[in-house]
Number of protein chains: 2
Amino acid sequence: MPYDPSAFPPFAVTVDLVVLTVRRHALCALAVRRGEPPYQGRWALPGGFVRGDEDLTTAAARELAEETGLHAHDPAGPVLANAAHLEQLATYGDPKRDPRMRVVSVAHLALAPDLPAPRPGGDARSVRWAPVEDLLDQEVGYGRDGEQVTPLAFDHAQILADGVERARSKIEYSSLATAFCPQEFTVGELRRVYEAVWGVALDPRNFHRKVTGTPGFLVPTGGTTTRQGGRPAQLFRAGGATLLNPPMLRPEA
Amino acid sequence: MPYDPSAFPPFAVTVDLVVLTVRRHALCALAVRRGEPPYQGRWALPGGFVRGDEDLTTAAARELAEETGLHAHDPAGPVLANAAHLEQLATYGDPKRDPRMRVVSVAHLALAPDLPAPRPGGDARSVRWAPVEDLLDQEVGYGRDGEQVTPLAFDHAQILADGVERARSKIEYSSLATAFCPQEFTVGELRRVYEAVWGVALDPRNFHRKVTGTPGFLVPTGGTTTRQGGRPAQLFRAGGATLLNPPMLRPEA
DNA sequence: CCTGTTTATCGTCAGGAAGACGACTATGAT
DNA sequence: ATCATAGTCGTCTTCCTGACGATAAACAGG
């Protein structure tokens with residue numbers, strides 16, 4: 001394949017973001033409202049074009065920062081307060097996925113703690129956190145304020161579903177669930193993350209035994225807190241371990 | 001983002017293939033020799049441009065068929081003799097990964113049984129199966145015939161490493177290892193697949209208990225065969241189950 | 001102050017799965 | 001006949017999990 005610009009068709013390349021967080025015991029995703037056709041007025045995943053001199057991950061981190069103010073977590077860099085986990089998810093390139101032109105979208109998955117000030121972007125009406133089950137509802141779904149939130153534009157329902165499935169399976173065998181937690185958190189808060197992402201109830205005693213017994217998963221900080229009423233809980237931060245062995249088992253049924 | 005062709009830079013989009021098989025107890029990948037610059041004469045992964053009206057998976061399947069004669073396995077279609085598992089792996093888009101122009105490559109992973117007639121493509125000198133450890137050797141590596149096979153062109157060493165890691169982890173919790181086997185195979189042959197992919201030795205008795213005790217993994221065909229000398233073994237084919245629960249545990253250390 | 005409620009944490013017990021490994025079986029090679 | 005090679009069946013111990021009782025430390029309300 002010699003270098004011949006006419007030998008290949010030009011593509012537009014975008015990054016789309018599945019940004020997940022846990023709010024009020026529910027797994028939520030970031031959605032933006034489209035201002036122009038196609039799919040004008042419909043909700044979509046945040047994203048944008050990759051620039052000519054930009055790496056894919058860089059483009060995803062830039063879009064993430066623009067939409068949420070979150071920084072992608074750099075393992076080599078300093079520990080940031082507003083850091084989110086960011087990884088590539090999959091690439092979607094159906095010739096008809098965008099009616100305007102041939103667009104290949106490299107979807108990324110970001111996991112973020114619940115933002116203390118949930119002010120993603122400047123325009124509150126055009127960006128929102130929505131429970132993923134509302135966004136993925138097969139029937140027409142409505143948000144808390146009664147606004148229609150589905151179906152998502154383009155193939156974004158498929159992308160979101162893939163991202164949710166990736167998150168659900170990845171917290172089984174990695175310590176990624178801590179990406180949904182603030183820097184310091186309790187075992188109960190971590191358990192509620194698992195419960196929200198998986199949509200199941202977990203036994204608090206067995207969960208406590210499992211996470212505290214896995215070396216490198218949690219590091220006690222020494223402090224204690226009462227955040228939900230009840231007995232104060234120990235505070236932990238994420239340990240260095242990234243892989244959980246043996247994994248956290250997701251209840252079947 | 002209104003439709004404005006000048007608002008985004010054009011990209012070339014390619015598919016690259018990590019085609020893996022098990023030959024002579026070693027995990028091998030398909031490599032092609034480059035005929036033109038850049039990296040002329042170096043080995044690379046097979047791949048090519050995505051056509052203007054083509055889905056990414058379709059493009060990968062087309063390249064796979066062109067290079068190997070293998071068909072991508074379609075779960076809805078008939079059972080083909082020369083069927084390989086094909087899935088998207090990851091996308092690589094560093095601005096400098098191709099010195100000629102901006103190329104985004106959507107890498108795919110294919111798993112194939114050892115071909116009875118290992119004649120991939122027409123030109124035997126330009127296509128070969130090479131053990132992945134030779135291709136990934138940090139030092140300059142040489143193939144069986146003493147020919148230099150590393151370093152691979154472009155970022156293909158990274159792509160290959162990612163594909164190998166995907167295969168290694170995926171056979172843990174799925175029945176994907178059967179994709180390396182012919183339609184009918186013995187427990188011992190399946191075990192040698194695991195041993196080759198993971199590079200470890202497994203206990204034949206525990207392995208036998210595990211795979212025959214997992215419902216839906218293996219279906220006995222009734223026949224028996226002696227392929228390696230020794231007592232004849234039962235023949236099986238892959239069952240319908242795709243997920244292994246509990247998973248096959250990869251020995252640590 | 002006392003009691004009930006909530007959340008956290010520790011302990012116990014039975015069942016299942018896996019690693020280590022002995023034993024037996026059915027072929028081919030010498 | 002004997003040995004080597006592979007396949008298959010069992011046993012035993014250990015570890016992990018799920019189910020669940022019990023205790024601890026906070027708060028709310030009478």
Side-chain angles (χ1 to χ4, degrees), chain A residues 24-25 171-173 181 184-196 198 200-237 241 243-253, chain B residues 24-25 171-173 181 184-196 198 200-237 241 243-253:
Chain A
R24 280 168 264 173
H25 291 210
I171 65 173
E172 285 188 59
Y173 57 90
C181 294
E184 295 199 346
F185 54 88
T186 70
V187 173
E189 289 167 345
L190 183 62
R191 176 170 49 82
R192 281 182 280 277
V193 164
Y194 276 91
E195 292 178 333
W198 284 344
V200 298
L202 299 175
D203 185 289
R205 299 156 289 191
N206 294 336
F207 184 86
H208 189 277
R209 177 184 60 192
K210 173 71 178 173
V211 296
T212 58
T214 299
F217 190 11
L218 299 182
V219 178
T221 66
T224 61
T225 309
T226 298
R227 285 209 251 260
Q228 323 271 335
R231 171 175 168 179
Q234 276 189 80
L235 285 172
F236 296 87
R237 67 180 61 207
L243 255 43
L244 259 39
N245 204 337
M248 181 87 57
L249 293 183
R250 169 159 36 164
E252 38 201 307
Chain B
R24 280 170 262 171
H25 292 209
I171 64 173
E172 285 188 61
Y173 56 89
C181 294
E184 295 199 346
F185 53 89
T186 70
V187 173
E189 288 168 345
L190 183 62
R191 176 170 49 81
R192 281 182 279 276
V193 165
Y194 275 92
E195 292 179 332
W198 284 345
V200 298
L202 299 175
D203 185 288
R205 299 156 290 190
N206 293 335
F207 184 86
H208 188 276
R209 176 182 62 192
K210 173 70 178 174
V211 296
T212 57
T214 299
F217 191 10
L218 298 183
V219 178
T221 66
T224 61
T225 309
T226 298
R227 287 210 248 260
Q228 324 271 334
R231 172 175 168 178
Q234 275 189 78
L235 284 172
F236 295 86
R237 67 180 59 206
L243 254 45
L244 258 40
N245 203 339
M248 181 86 58
L249 294 184
R250 168 158 39 162
E252 38 202 305

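In what follows, chains are A, B, ... by sequence order, proteins preceding strands, each numbered from 1. Model, not experiment: these values are computed from the prediction.
You won't find any donor-acceptor pair under 3.5 Å spanning the side chain of R209(A) and the base of dG11(C), going by distance alone. Between the side chain of R205(B) and the base of dG10(D), no donor-acceptor pair under 3.5 Å is found.
Applying a 4.0 Å cut-off to non-hydrogen atoms, none of the residues of residues 184-196 of chain A approaches DNA chain D.
Whole-Å rounding puts the D203(B) CG to dC12(D) P distance at 17 Å. Remark: C1' of dA6(D) and NE2 of H25(B) are 12 Å apart, rounded to the nearest angstrom. Rounding to whole angstrom units, NZ of residue K210(B) and C1' of dC21(C) are separated by 19 Å. When rounded to the nearest whole Å, the span between CD of E172(A) and P of dT17(D) equals 13 Å. For the pair L249(A) CG and dA17(C) P, the computed distance is 12 Å after rounding to whole Å. In this entry the distance linking CE of M248(A) with P of dC16(D) reads 14 Å, nearest Å. Going from atom CD of Q234(B) over to atom P of dT25(C) covers 17 Å, rounded to whole Å. Between F207(B) atom CZ and dA20(C) atom P there is a gap of 16 Å when expressed in whole angstrom units.
Expressed to the nearest 0.5 Å, how far CG of L218(B) lies from CG of L190(B) amounts to 6.0 Å. Separating the CD atom in E172(A) from the CG atom in L244(A) is a distance of 10.5 Å, to the nearest 0.5 Å. For the atom pair OG1 of T221(B) and CD of Q234(B), the computed distance is 8.0 Å after rounding to the nearest 0.5 Å. Separation of atoms OH (Y194(B)) and CD1 (I171(B)) is listed at 5.5 Å; rounding is to 0.5 Å. We find the CG-CZ distance between L235(A) and F185(A) to be 9.5 Å, quoted to the nearest 0.5 Å.
In terms of position along DNA chain C, the nucleotide closest to F236(A) lies nearer the 5' end than the nucleotide closest to the other residue of the pair F236(A) and T226(B). Positionally, the nearest nucleotide of DNA chain C for G230(A) lies more toward the 5' end than for the other of R231(B) and G230(A).
Residue H208(B) places none of its side-chain N or O atoms closer than 4.0 Å to OP1 or OP2 of dG7(D).
Side-chain N or O atoms of E195(B) include one that pairs as donor or acceptor with a backbone N or O of L202(B) at under 3.5 Å.
Looking at every heavy atom in both residues, E189(B) comes nearest to E184(B) through OE1-O, 4.4 Å.
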